Amino acid sequence: MKFFIDTANLEEITEANDLGILDGVTTNPSLMAKENITGKDAIIKHYKDICHIVNGPVSAEVITTDYKGMIEEGTRLSDLHHNIVVKVPMTPEGIKAIRYFSENKIRTNCTLIFSAGQAILAAKAGATYVSPFVGRLDDISADGIGLIAQIRRIYDNYNFETQILAASVRHPMHIIDCAEIGADVMTGPLKAIMQLAHHPLTDSGLAKFLADFEKGNK
Ligand code: G3P
C-alpha cells in the first residue's frame with residue numbers, strides 16, 4: 001500500500017519524506033487555507049514547492065465546479081509539474097471532466113466519494129485514483145472502512161484500473177484496516193503515520209537493551 005500524506009504543511013511533508021516511506025501528497029482547499037496559502041500565485045508556488053520535496057503524485061484540487069472551468073484549471077495545474085494529479089469532485093460535471101482528462105493522459109483523483117455508486121462512476125470515467133472519505137463516514141456513524149472493502153470487491157470484479165486512495169484517514173487503525181482490505185493508497189496526517197511506529201513493548205525493550213549494555217560495559 002502506498003503512503004500519501006494529507007497536508008499542505010511543508011515541514012510535515014519534509015518530515016514524512018525524510019522517513020523514506022512517503023509515496024505522495026494530497027491537498028485540498030481546506031488544507032491550503034489552514035497553512036494560510038491564499039491567492040493564485042501563492043497557491044501555484046506552494047504546489048511547486050511540494051513537488052520539489054516529494055518525488056511522487058501530488059493532488060491539487062480544482063476550485064471551479066463547471067466542466068469548462070475544471071478543464072481549464074485542471075490543465076493549468078497539471079502543466080505546473082509532472083507530479084501533479086488533478087483532484088476533481090464527484091459531481092456530474094466532475095465525471096465529464098475526469099473523462100476528458102483521462103482521454104488526454106492527465107492523471108486525476110476523484111474526491112469526496114461517499115458511496116460505492118460514486119466509486120463505480122469515477123472508475124468508468126477513467127479516474128486514476130478514487131478518494132473515499134473514511135473518517136467523515138465514521139463521523140456520521142456510517143462504515144468508512146466497510147466502503148473501502150466494498151469498492152475493493154467491485155473494482156476487482158471488473159479489473160478496474162482506478163486505484164483506491166483511502167482518504168480522511170484519522171488514526172493508525174484506519175491505516176492497518178486499509179492495508180488488510182487491499183486499498184492501493186492511504187492518505188493521512190503525519191501523526192497517524194508516526195503512531196504506526198510506536199509500541200510500549202518496543203520502548204521498554206529498547207530501554208532494557210540499552211541498560212543491559214551499560215551494565216556490561218562499565
Ligand atoms: O483527503 C481528504 C481529507 O483531507 C479529509 O480529511 O480529516 O478533513 O475528513 P478530513
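Keep in mind that this is a model prediction, so the values were computed, not measured. Each ligand, and each atom within it, is numbered from 1 in the order the structure gives. Only heavy atoms go into these numbers, but all of them, side chains included; no hydrogens, no water, no symmetry mates.
With ligand atoms numbered from 1 in the order given, ligand 1 contributes 2 (C), 5 (C) to contacts under 4.0 Å with heavy atoms of Phe133. Atoms of ligand 1 lying under 4.0 Å from at least one heavy atom of Asp6, given by number and element, are 1 (O), 2 (C), 3 (C), 4 (O), 6 (O). The atoms of ligand 1 that sit less than 4.0 Å from any heavy atom of Ala167 are 1 (O), 2 (C). Which parts of ligand 1 touch Asn28 is read off a 4.0 Å heavy-atom cut-off, strictly below it: atoms 3 (C), 4 (O).
Considering only non-hydrogen protein atoms, atom 6 (O) of ligand 1 sits nearest to Ser168 CA, 3.4 Å. Nearest non-hydrogen protein atom to atom 7 (O) of ligand 1 is Arg170 NE, 2.9 Å.
Considering both main-chain and side-chain atoms, Arg136 comes within under 3.5 Å of ligand 1 through a nitrogen or oxygen pair.
Scored by the side-chain contact (heavy atoms from CB on, under 4.5 Å) test, Glu15 finds Leu190, Met194 as partners (sequence neighbours excluded). Residues passing the salt bridge (charged side-chain N to carboxylate O under 4.0 Å, His left out) test with Lys96 are Glu93, sequence neighbours excluded.
Glu61 and Asn28 are not linked by any side-chain donor-acceptor pair at a separation below 3.5 angstrom, with hydrogens and angles left out of the test.
No more than 12 heavy-atom neighbours from other residues, nucleotides or ligands sit within 6.0 angstrom of CG on Asp41. Within 6.0 Å of atom CD1 in Ile63, 12 or fewer heavy atoms from other residues, nucleotides or ligands are found, so the atom counts as exposed in its surroundings.
The aromatic rings of Tyr158 and Phe160 are tilted relative to each other, their planes meeting at an angle between 30° and 60°.
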